[in-house]
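Working notes, beginning with the structure itself.
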Amino acid sequence: SFTTRASAQPLTNADELIDSVETFIFDCDGVIWKGDKLIDGVPETLDLLRSKGKRLVFVTNNSTKSRKQYGKKFETLGLSVSEEEIFASSFAAAAYLKSINFPKDKKVYVIGEDGILKELELAGIQYLGGPADGDKKIELKPGFLMEHDKDIGAVVVGFDRYFNYYKIQYGTLCIRENPGCLFIATNRDAVTHLTDAQEWAGGGGSMVGALGGSTQREPLVVGKPSTFMMDYLANEFGIQKSQICMVGDRLDTDILFGQNGGCKTLLVLSGVTSLSMLQSPNNSIQPDFYTNKISDFLSLKAT
Ligand code: PLP
Ligand code: CA
């Protein structure tokens with residue numbers, strides 16, 4: 001079905017928006033921080049929302065860290081946020097496998113970084129791969145046959161700076177040759193910000209695309225904009241989705257995630273989306289509201 005939404009409105013009365021919901025879900029990169037740098041006014045804004053009794057939840061598609069590692073990052077930035085308030089796509093992959101009762105005797109092949117391994121470990125799920133396979137090479141001698149573990153029940157793919165041909169072939173064999181093997185993507189963001197000098201390939205999307213290309217299979221995505229994390233956290237905290245405002249800087253992940261969940265949506269222009277991108281005729285994703293940055297909550301009062 002196709003629904004047309006009204007064009008996004010500039011946020012003019014933050015109190016009205018704040019009063020209309022119980023929970024704020026914040027995307028992280030581009031909303032709370034940019035890389036390792038806190039965005040201006042964030043601590044004061046979170047304090048204001050907490051003082052008004054709002055529940056705050058943080059959702060990131062970046063799978064390189066675990067919830068616990070993100071907890072440390074928030075602490076380093078001077079923000080008091082507990083692990084239980086953080087939903088990273090690394091955690092989502094492990095939570096998804098738990099939710100389907102992934103068999104204890106099966107293993108996951110991981111194409112991704114440490115965050116996914118840590119979350120699988122905490123969930124009691126066996127795995128192979130990860131950064132350990134980053135320096136593996138294939139010697140293409142005549143007759144060479146790559147073996148793969150027949151107990152792999154899922155291949156989980158996320159952003160991986162140690163990505164190589166060995167992992168592509170291993171993951172592809174698992175998906176093609178193990179009956180019922182799942183193909184799970186933490187996220188498919190197209191770019192990441194390794195340095196601020198340019199955009200860098202693949203916030204996960206390039207690695208997921210490689211496996212999709214070789215297997216001709218569509219992955220099951222557990223990160224934004226899929227509804228898995230929304231359903232999971234709404235269920236865990238007992239929140240009505242109409243009582244949530246999703247705040248993010250990306251239209252095709254964050255704003256769609258909020259809209260797929262039936263939440264209110266606020267786009268902030270402190271990350272990857274500019275006002276001209278929002279208002280471009282090529283863009284069909286319209287949040288309810290947009291504003292420059294979340295600290296506008298401190299100043300945008302009704303007149
Ligand atoms: N994945 C990677 C590897 C990233 O570096 C980023 C942003 O820096 C993202 C995903 C998107 O993260 P978020 O959902 O917090 O904007
Ligand atoms: Ca973001």
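We use all heavy atoms of the structure for the numbers below, so side chains are in, but hydrogens, waters and symmetry mates are not. Since we're looking at a predicted model, the values are computed, not measured. In each ligand, atom 1 is the first atom listed, and ligand 1 is the first ligand listed.
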Close residues, ligand 1: non-hydrogen atom nearer than 4.0 Å = D27, C28, D29, T60, N61, N62, F159, N187, D189, T192, G203, K224
Within the side chain of T172, is there an N or O that forms a donor-acceptor pair under 3.5 Å with the backbone of S214?
-> no
Which side-chain N or O atoms in residues 19-27 pair as donor and acceptor under 3.5 Å with protein atoms at least two apart or in another chain?
{"from": "S20", "atom 1": "OG", "to": "L17", "atom 2": "O", "distance (Å)": "2.8"}
{"from": "D27", "atom 1": "OD1", "to": "K224", "atom 2": "NZ", "distance (Å)": "2.8"}

In terms of side-chain heavy atoms, does T60 have a donor or acceptor partner in N62 at a distance below 3.5 Å?
-> no
With sequence neighbours left out, what residues match E147 under salt bridge (charged side-chain N to carboxylate O under 4.0 Å, His left out)?
->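 For E147 there are no salt bridge (charged side-chain N to carboxylate O under 4.0 Å, His left out) partners, ignoring immediate neighbours.
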Angular separation of D249 OD1 and D29 O about the Ca ion (ligand 2), given to 10° = 90°
Would you say the ring centroid of Y127 lies under 6.0 angstrom from that of Y109?
-> no
Is the Ca ion (ligand 2) less than 3.0 Å from an N/O/S atom of D27, whether that atom is in the backbone or a side chain?
-> yes
Could you go through residues 74-82 and list every donor-acceptor pair under 3.5 Å that involves a side-chain atom there, pairing it with any protein atom two or more places apart or in another chain?
{"from": "T76", "atom 1": "OG1", "to": "K72", "atom 2": "O", "distance (Å)": "2.8"}
{"from": "S82", "atom 1": "OG", "to": "E84", "atom 2": "OE1", "distance (Å)": "3.4"}

Thinking salt bridges, do D149 and K107 make one under a 4.0 Å N-O criterion?
->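 Here D149 pairs with K107 in a salt bridge, since their nearest N and O are under 4.0 Å apart.
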